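A short worksheet on the structure shown next.
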2 protein chains.
Amino acid sequence: MGEAQKHDVFQAIADPTRRKVLVLLSDKELSVTEISKHFPMTRTAVSKHLGILSESGLVDATKKGRETRYSLQPEAFLELKDWLSFFDQFWDNKLSMLKHLVEDGSKTE
Amino acid sequence: MGEAQKHDVFQAIADPTRRKVLVLLSDKELSVTEISKHFPMTRTAVSKHLGILSESGLVDATKKGRETRYSLQPEAFLELKDWLSFFDQFWDNKLSMLKHLVEDGSKTE
DNA sequence: AAAATAGGAAACCGAATGGTTTCGTAAAAA
DNA sequence: TTTTTACGAAACCATTCGGTTTCCTATTTT
């Protein structure tokens, strides 16, 4: 019950390599070795990235024989969407305000 | 034209302090000193966070006399929304698959 | 003019990050 | 059974990160 969970979803998507991994996994589940082929770094490095992704809940790791299949865990994106959606209101307001300003023409064209 | 831009939006929102700053700024524009009151750290530390946020484009910094007013730049959230929305399709599919599974009743209730 | 206020720049520090190589182990193939 | 393959754990390394203190420069206020 006392899982520390060192990495959350926000940290997980902060790294470009990890974001690319997520895109790769959106197509189909893959092993570490398969994923590694897409990156100019060692398999171990990719493995660590997968560790962080799986710790954050964004991907699932399932052992199948001697290999581990990594797959997307789309539900985990909800936390991100929820946080982002909070700012939607302001985005809308500010955008319509901007529209107003432009239409009012405070700038002599 | 050759702006390096060390910090992008993904890195910017990775830190919990910065996420909280964004929420604060969503209410109204604030100065560094005002924002600092909400955190158990020095004004300088908060100032650095604001530097990163403003570098990423998520906030705007405008000097007004001796103080700097920081405000939300909601348009910058679009990059995040866009990236996230790519995964919506998979989220939807998996969710409806799950729904199916549940409705089919593979679990004897 | 003097004092107070707002805030950034610089130097510094410990811990975290992203990467490497090396090694051990379990499963599959020969 | 021997060998190959898949992979993680560990130790290590340079750089970045989040924070501090100290100091300097503008603006306000008095």
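Chain letters run A, B, ... following the sequence lines, proteins first, then strands; residues in each count from 1. If you're wondering where the values come from, they're calculated on a predicted model, not measured in any experiment.
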>> Please encode protein proximity along nucleotides 23-30 of chain C as a string of B, S and -, counting only heavy-atom distances under 4.0 Å.
In response: ----BSS-
Contact list (N/O, under 3.5 angstrom) for nucleotides 10-15 of chain D vs protein:
none

> What are the residues of residues 11-27 of chain A, sorted by number, that bring a heavy atom to within less than 4.0 Å of DNA chain D?
Replying inline: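 Residues of residues 11-27 of chain A under 4.0 Å from DNA chain D: none.
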> ring-ring contact (aromatic ring centres under 6.0 Å, His included): which pairs involve residues 8-41 of chain B, sequence neighbours left out?
Replying inline: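 The answer is B:Phe10-B:Trp83.
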> Which of residues 28-41 of chain A sit near DNA chain C, with a heavy atom under 4.0 Å from it?
Replying inline: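 Only A:Met41 qualify.
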In a table with atom names and distances, give each donor-acceptor pair under 3.5 Å that connects a side chain of residues 41-49 of chain B to protein atoms at least two apart or in another chain.
from: B:Thr42; atom 1: OG1; to: B:Ala45; atom 2: N; distance (Å): 3.3
from: B:His49; atom 1: ND1; to: B:Arg18; atom 2: NH1; distance (Å): 3.1

Rounded distance (Å) that lies between atom [atom2] of [N] and atom [atom1] of [X]:
{"X": "B:His49", "N": "D:dC17", "atom1": "NE2", "atom2": "P", "value": "12 Å"}
{"X": "B:Leu50", "N": "C:dG7", "atom1": "CG", "atom2": "C1'", "value": "11 Å"}
{"X": "B:Glu55", "N": "D:dG18", "atom1": "CD", "atom2": "P", "value": "12 Å"}
{"X": "B:Asp8", "N": "D:dT16", "atom1": "CG", "atom2": "C1'", "value": "14 Å"}

> What residues form a salt bridge (Lys or Arg N to Asp or Glu O under 4.0 Å) with B:Asp15, not counting sequence neighbours?
Replying inline: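 Checked B:Asp15 against salt bridge (Lys or Arg N to Asp or Glu O under 4.0 Å); zero matches.
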> Do the side-chain N or O atoms of B:Thr42 get closer than 4.0 angstrom to the phosphate oxygens (OP1, OP2) of D:dG19?
Replying inline: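 Answer no for this pair, as no side-chain N or O of B:Thr42 is under 4.0 Å from OP1 or OP2.
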> For B:Ser47 and C:dG8, is the shortest distance between a side-chain N/O and OP1 or OP2 below 4.0 Å?
Replying inline: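 Yes.
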>> Going by side-chain contact (heavy atoms from CB on, under 4.5 Å), name the residues that satisfy it together with B:Lys37, two or more places apart in sequence or in a different chain.
In response: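 Per chain and number, B:Lys37 pairs via side-chain contact (heavy atoms from CB on, under 4.5 Å) with no residue.
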>> Among residues at least two apart in sequence or on other chains, which ones pass side-chain contact (heavy atoms from CB on, under 4.5 Å) with A:Ser54?
In response: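 For A:Ser54 the side-chain contact (heavy atoms from CB on, under 4.5 Å) partners, ignoring immediate neighbours, are A:Val59.
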> Can you list every salt bridge (charged side-chain N to carboxylate O under 4.0 Å, His left out) pair that touches residues 24-34 of chain B, not counting sequence neighbours?
Replying inline: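 The answer is B:Glu29-B:Arg69, B:Glu34-B:Arg69.
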